[in-house]
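One structure below.
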There are 2 protein chains.
Amino acid sequence: MCLNFYIYTNTDNMQTSTTEDYLKAIFKLSGIYKKGVSTNSIAEELSTKASSVSDMVKKLSEKKLVDYVKYQGTTLTKEGENIALKVIRKHRLWEVFLVEKLKFGWDEIHEIAEQLEHIKSPKLIDKLDAHLGFPKKDPHGDPIPDKNGLFPTIKKLKLNELKIGEKAILTGVSEDSKDFLSYLDTIGLKLGSSIEVLDYFKFDKSLKVKINNRSDLTFSDLVANNLNISKEN
Amino acid sequence: MCLNFYIYTNTDNMQTSTTEDYLKAIFKLSGIYKKGVSTNSIAEELSTKASSVSDMVKKLSEKKLVDYVKYQGTTLTKEGENIALKVIRKHRLWEVFLVEKLKFGWDEIHEIAEQLEHIKSPKLIDKLDAHLGFPKKDPHGDPIPDKNGLFPTIKKLKLNELKIGEKAILTGVSEDSKDFLSYLDTIGLKLGSSIEVLDYFKFDKSLKVKINNRSDLTFSDLVANNLNISKEN
DNA sequence: AAAAATTTTTAGACAACACTAAAAAATTTG
DNA sequence: CAAATTTTTTAGTGTTGTCTAAAAATTTTT
Ligand SMILES: [Mn+2]
Ligand SMILES: [Mn+2]
Ligand SMILES: [Mn+2]
Ligand SMILES: [Mn+2]
């Protein structure tokens, strides 16, 4: 009887799309700040207010999805991380679908995937995965977690870490906004493009680069910081 | 100034998935009862309580999506009907996707489509439509409204309207539940199957039928009433 | 280490939706 | 047509998630 009570406690652990978005945001921010994630940073990531976040992390903590101590930030529990990884898997697989099958541009898919990632079905995602041929990366170069939430941790090298004269291949982007991605489209930069650093200006940290051995142009540090690369040779 | 006010009034007419489901339910029920749709019937269709429906139709009426007079039932306005038809278009296109592309059975798709139909994106559905080759019917034989909400009104003939000796082709089903559809699967009945009425039992209105010129079996009136057919010859 | 600035939490409201119980209206029945 | 039954609405609550304003804690500055 007492055992029963224990077992069935917390069994109704189905998430709303809101709680899924919170867990995803905390997961993303955990990769950046290694300590507990700050209330303000979650609020900014989700375009909401700190007071709303404060309320929510308290509730997530009751559900044992996060560890939260007042004034000391939030970290995911194993359970919370599992849920976040499942949502990220769904988000990235749907993004592949939108680009590969429906022919959307990589700059148009984020908002749609933000909705599709919350569709609940035990079978749907694995069927989608198979339909897409078990892709390993999404259209932005991000790795897709497998059924068990595992994916290779690729050390991300940013374009602004290169020295003058070095060459690299674009392997991913750290920013999914339409503004950023359609700018890359207009300059002809896509995953796999080659980038050579021609010059570096100390004043504003901007870079003069040559892309695809053709056009010369200048990247601000902010742009360069959102371009993930792997060094050539 | 006054004009401005008028124009921008009611401009924020974005629906929640709840209101979309209400509008869809009212549309479906309007086809059956030609008068105003009763509060109780909406409640039953949506598995909710009459008091909740009473609240909601009042709100939908304020948004000019339904006409509602206390104690006299609810009907869709033109605007409400347009929204309902868009949701139905999305539901049926996603069902085609799930069966044709992801290889789901027709008995597994209803609940998933019930979620997918609420995804908001101006471009998504037309791209999906193109990807699927502009299908005209969903996996249950229901017509798919076009971009403008138009679809042919097919007069539905039900199996229990046939006389002994008549033959027909299964063109659709009026019931989407897994229980019903997987029963049809086990007896090998699918869209396009031929059905011949061998006998009719007055007592319970059940029918003895031969399907695909092979097996003989008996259908209750309830089953026969959910099988849509077109007469052969 | 006190003052100032920033971050975080609490308090109090609100909107959307759902529910139960009870009241009111409409319909069916005898 | 009055009584009984059914349908519908209202009243009062609860839950989830959001917000603003104000209080409290923490961190930074001087
Ligand atoms: Mn989302
Ligand atoms: Mn992505
Ligand atoms: Mn739905
Ligand atoms: Mn259908």
Side-chain angles (χ1 to χ4, degrees), chain A residues 9-26 29-30 32-33 35-75 80 83 87 114-115 117-118 120, chain B residues 10-26 29-30 32-33 35-75 80 83 87 114-115 118 120:
Chain A
T9 261
N10 201 26
T11 204
D12 179 14
N13 218 340
M14 242 228 295
Q15 305 310 309
T16 63
S17 50
T18 309
T19 62
E20 287 185 343
D21 283 339
Y22 269 90
L23 295 172
K24 200 161 54 102
I26 296 164
L29 295 166
S30 299
I32 304 167
Y33 316 100
K35 300 296 182 126
V37 173
S38 75
T39 300
N40 263 358
S41 66
I42 299 170
E44 195 185 1
E45 175 72 22
L46 295 174
S47 305
T48 183
K49 296 296 155 76
S51 57
S52 307
V53 174
S54 220
D55 270 7
M56 182 57 89
V57 293
K58 222 172 294 172
K59 286 175 200 158
L60 292 173
S61 166
E62 275 159 29
K63 292 185 194 155
K64 305 252 190 266
L65 299 175
V66 304
D67 291 317
Y68 161 69
V69 182
K70 267 187 206 174
Y71 296 102
Q72 283 178 221
T74 306
T75 49
I83 295 170
V87 178
E114 203 53 55
Q115 299 173 63
E117 69 189 357
H118 304 294
K120 255 99 188 158
Chain B
N10 202 26
T11 204
D12 179 16
N13 218 341
M14 242 226 296
Q15 305 310 309
T16 63
S17 50
T18 308
T19 61
E20 287 185 343
D21 283 339
Y22 269 91
L23 295 173
K24 201 163 53 107
I26 296 164
L29 295 166
S30 299
I32 303 168
Y33 315 100
K35 300 297 183 128
V37 173
S38 76
T39 300
N40 263 358
S41 66
I42 299 170
E44 194 184 1
E45 176 71 22
L46 295 174
S47 305
T48 183
K49 296 296 154 78
S51 57
S52 307
V53 174
S54 222
D55 268 8
M56 182 57 89
V57 292
K58 221 172 296 172
K59 287 175 201 157
L60 292 175
S61 166
E62 275 158 28
K63 292 183 194 156
K64 305 252 191 268
L65 300 174
V66 303
D67 290 317
Y68 162 69
V69 181
K70 268 187 205 175
Y71 296 102
Q72 282 177 221
T74 305
T75 50
I83 295 171
V87 178
E114 202 53 55
Q115 299 173 63
H118 304 295
K120 256 97 187 159

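Note on naming: letters A, B, ... go to the chains in the order of the sequence lines (proteins, then strands), and numbering restarts at 1 for each one.
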Phosphate OP1/OP2 of [N] contacted by [X] side-chain N/O (<4.0 Å):
X       : N      : result
A:Asn40 : C:dT6  : no
A:Lys70 : C:dT10 : yes
B:Lys49 : C:dT20 : yes
B:Tyr71 : C:dA23 : no

With sugar-phosphate meaning primed atoms plus P, OP1 and OP2, does [X] contact a base, only sugar-phosphate, or nothing at under 4.0 Å between heavy atoms?
X       : result
B:Ser51 : base
A:Lys59 : base
B:Thr18 : sugar-phosphate

What's the closest nucleotide to the side chain of [X] if the choices are [options]?
X       : options                : answer
A:Ala50 : C:dT10, C:dT9, D:dT8   : C:dT9
A:Tyr68 : C:dT9, C:dT10, D:dT10  : C:dT9
A:Ser54 : D:dT10, D:dG17, C:dT8  : C:dT8
A:Thr16 : D:dT18, D:dG17, D:dT9  : D:dG17
B:Asp55 : C:dA18, D:dT8, C:dT8   : C:dA18
B:Thr48 : C:dA24, D:dT20, C:dA18 : C:dA18

Value in whole Å for how far the [atom2] atom of [N] lies from [atom1] of [X]:
X       : N      : atom1 : atom2 : answer
B:Glu62 : C:dC17 : CD    : P     : 12 Å
A:Glu20 : D:dT16 : CD    : P     : 15 Å
B:Asp21 : C:dC17 : CG    : P     : 11 Å
B:Met14 : C:dA16 : CE    : P     : 13 Å
B:Ile42 : D:dT8  : CD1   : P     : 9 Å
B:Met56 : C:dA15 : CE    : P     : 15 Å
B:Leu46 : C:dC19 : CG    : C1'   : 15 Å
B:Gln72 : D:dT7  : CD    : C1'   : 14 Å

Task: Paired nucleotide for C:dA16 [Watson-Crick or G-U wobble; both distances under 3.5 Å] - done: D:dT15
- [ ] Would you please say whether a donor-acceptor pair under 3.5 Å links the side chains of A:Ser54 and A:Ser51?
- [x] no
Task: Non-hydrogen side-chain atoms of B:Met56 and B:Thr19 separated by less than 4.5 Å - done: yes
TODO: Decide yes or no for B:Val37 and B:Thr75: does some side-chain heavy atom of the first lie under 4.5 Å from some side-chain heavy atom of the second?
DONE: no
- [ ] Name the residue closer to the 5' end of DNA chain D, choosing between B:Val53 and A:Thr19 according to the nucleotide with the nearest heavy atom.
- [x] B:Val53
Open item on the list: Any salt bridge linking A:Glu114 with B:Lys120? Criterion: basic side-chain nitrogen under 4.0 Å from a carboxylate oxygen.
Closed with: no
Open item on the list: I'd like to know if B:Lys24 and B:Glu45 make a salt bridge, using a cut-off of under 4.0 Å between side-chain N and carboxylate O.
Closed with: no
Task: Main-chain N/O of B:Ile26 paired to B:Ser30 side chain as donor or acceptor, under 3.5 Å - done: yes
